[in-house]
Asks: 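Structure below; questions to follow.
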Amino acid sequence: MELIQNTPDLSAYLAADEVIDHDHPVVREVAARLAREAVDSYAYARLAFEFVRDTIPHSQDSGDLRVTWRASDVLEQGTGICYAKAHALAALLRAEDIPTALCYQRFDVVHGLVAVRFNGAWHRQDPRGNKPGVDAQFSLDGERLAFTPDPESNEMDYPVLYTEPHPAVLSALKAAPDRLYLWTTLPTAL
């Protein structure tokens, strides 16, 4: 699948905004801590991915009812669903000048992940969090995502790489008082 930038301006994939708030002190502190352990930007990207995947539980898996959507809140509260974890990873990567896009897949509902730009190409990564039956890994050599869509079941990969969260995703996250409510309003298509 060919990934398509929703803007040709690569610098837009480094920008901070209300959601990908990599200028926030919490994001800066985590990024600085991870950067001290990394020998280069590739090692940093892997460390940031593993940090979000492994230390921030997916709220459905952990039973946490809180809904987070801003990257700094995800890092500070230590919880989030796939979209929120993707926002946190995007912020950590952009904080260290690694172009990062938000992207999506469709299953029963829309699933969120990121794409990072290395060596002139985009590489999708899924920080959702591993569990039995899910083994997502950081990889620039072939995708190792949490889920693979089944086209015969009307599942799909969306090819668009967004600079900011899709409006349907952000709207659902912001409107949800808790995860149980959110589960009834998650987008089923983009």
Side-chain angles (χ1 to χ4, degrees), residues 3 5 10-62 64 66-105 111-131 134-147 161-166 169-170 173:
L3 298 173
Q5 292 179 205
L10 195 58
S11 69
Y13 295 94
L14 293 169
D17 60 29
E18 176 188 27
V19 179
I20 312 299
D21 58 343
H22 64 73
D23 50 357
H24 190 282
V26 169
V27 178
R28 301 303 300 172
E29 186 277 322
V30 173
R33 184 167 21 105
L34 294 171
R36 284 192 294 274
E37 300 175 32
V39 296
D40 58 22
S41 60
Y42 174 78
Y44 174 83
R46 178 184 294 279
L47 284 170
F49 169 84
E50 291 172 350
F51 175 83
V52 173
R53 182 195 65 192
D54 298 343
T55 67
I56 299 172
H58 188 285
S59 57
Q60 173 70 22
D61 296 348
S62 68
D64 196 320
R66 295 174 292 169
V67 175
T68 54
W69 53 269
R70 184 177 288 118
S72 57
D73 292 339
V74 174
L75 295 173
E76 192 168 55
Q77 295 179 37
T79 189
I81 66 166
C82 61
Y83 312 125
K85 291 182 66 153
H87 300 164
L89 179 56
L92 290 172
L93 294 170
R94 290 181 184 185
E96 291 296 315
D97 295 322
I98 298 170
T100 307
L102 299 170
C103 47
Y104 303 93
Q105 297 175 307
H111 174 63
L113 51 155
V114 303
V116 296
R117 188 153 179 99
F118 276 103
N119 304 322
W122 289 100
H123 307 272
R124 293 189 310 162
Q125 312 295 326
D126 191 343
R128 182 232 177 267
N130 290 339
K131 63 180 187 173
V134 175
D135 184 28
Q137 301 295 324
F138 184 84
S139 176
L140 301 183
D141 185 31
E143 292 186 335
R144 302 276 311 274
L145 305 177
F147 309 109
L161 301 174
Y162 295 92
T163 58
E164 50 194 39
H166 190 281
V169 167
L170 190 55
L173 288 169

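We count residues from 1, following the sequence as given.
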Asks: So V19 and E164, side chain to side chain contact (heavy atoms under 4.5 Å, CB included) or not? Walk me through it.
Replies: CA-CA 8 Å; V19 179; E164 50 194 39; over 6 Å; no
Asks: Between Y83 and L102, is the side chain to side chain contact (heavy atoms under 4.5 Å, CB included) condition met? List the steps.
Replies: CA-CA 9 Å; Y83 312 125; L102 299 170; over 6 Å; no
Asks: Of all the heavy-atom pairs spanning I98 and S41, show the shortest one and how long it is.
Replies: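 Between these two residues, the closest heavy atoms are CD1-O, 3.6 Å.
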Asks: If you measure from CG on L14 to OG1 on T100, what distance do you get to the nearest 0.5 Å?
Replies: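 Answer rounded to 0.5 Å: 7.5 Å.
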Asks: As an exercise, state the distance from CG of L145 to CD of Q125, rounded to the nearest 0.5 Å.
Replies: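 Spacing of CG (L145) from CD (Q125) equals 7.5 Å.
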Asks: Evaluate the criterion side chain to side chain contact (heavy atoms under 4.5 Å, CB included) for residue pair L173 and H87; output intermediate values, then yes/no.
Replies: CA-CA 12 Å; L173 288 169; H87 300 164; 3.8 Å; yes
Asks: Decide yes or no for N130 and Q137: does some side-chain heavy atom of the first lie under 4.5 Å from some side-chain heavy atom of the second?
Replies: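 Of all side-chain heavy-atom pairs linking Q137 with N130, at least one is under 4.5 Å.
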Asks: Could you tell me which non-hydrogen atom of A136 sits nearest to which non-hydrogen atom of A146, and how far apart they are?
Replies: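 Heavy atoms only, the tightest pair is CB-N, 3.7 Å.
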Asks: Are any of the side-chain nitrogens in R128 or D126 under 4.0 Å away from the carboxylate oxygens of its partner?
Replies: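 No salt bridge links R128 with D126.
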Asks: Determine which pairs satisfy salt bridge (charged side-chain N to carboxylate O under 4.0 Å, His left out) with at least one residue from residues 72-98, sequence neighbours left out, and list them in order.
Replies: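 Those involving residues 72-98 are R70-D73.
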Asks: Where do P127 and V52 come nearest, in terms of heavy atoms and distance?
Replies: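 Taking P127 first and V52 second, the nearest heavy atoms are CB-CG1, 3.8 Å.
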Asks: What's the spacing between L89 CG and I20 CD1 if we round to 0.5 Å?
Replies: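 It is 9.5 Å, given to the nearest 0.5 Å.
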Asks: Which heavy atom of D21 sits nearest to which heavy atom of S72, and what is that distance?
Replies: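 Looking at all heavy atoms of both residues, the closest pair is OD2-OG, 2.5 Å.
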Asks: Of all heavy-atom pairs between C103 and A115, which one has the smallest distance, and what is that distance?
Replies: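 It is SG-N, 3.9 Å.
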Asks: Is the backbone N or O of T79 less than 3.5 Å from a side-chain atom of T68, with the two atoms forming a donor-acceptor pair by type?
Replies: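 The answer is yes, because a donor-acceptor pair under 3.5 Å joins these two groups.
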Asks: How long is the span from the CD1 atom in I56 to the CG atom in D64, to the nearest 0.5 Å?
Replies: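 Going from CD1 on I56 over to CG on D64, the span is 12.0 Å.
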Asks: Applying side chain to side chain contact (heavy atoms under 4.5 Å, CB included), run through H24 and L75 and close with a yes or a no.
Replies: CA-CA 11 Å; H24 190 282; L75 295 173; over 6 Å; no
Asks: Search all heavy atoms of S139 against all heavy atoms of G142 and return the closest pair with its distance.
Replies: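 Looking at all heavy atoms of both residues, the closest pair is OG-O, 2.6 Å.
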Asks: Do R117 and Y13 make a side-chain contact, defined as non-hydrogen atoms from C-beta onward lying under 4.5 Å apart?
Replies: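 A side-chain contact is absent here, since even the closest heavy-atom pair is not under 4.5 Å.
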Asks: State whether the side chain of H111 and the backbone N or O of C82 hold a donor-acceptor pair below 3.5 Å, judged by distance alone.
Replies: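 Here the side-chain-to-backbone pair does not exist.
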Asks: Name every donor-acceptor pair, under 3.5 Å, that has one atom in a side chain of residues 43-51 and the other anywhere in the protein, sequence neighbours excluded.
Replies:
residue: Y44; atom: OH; partner: L92; partner atom: O; Å: 2.7
residue: R46; atom: NH2; partner: Y42; partner atom: OH; Å: 2.7

Asks: To the nearest 0.5 Å, what is the distance between CH2 on W122 and CG on L140?
Replies: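 One gets 12.5 Å once the value is rounded to the nearest 0.5 Å.
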Asks: Nearest 0.5 Å, please: how far is CD in Q105 from CZ in F147?
Replies: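 Answer for the CZ-CD pair, F147 versus Q105, is 8.5 Å.
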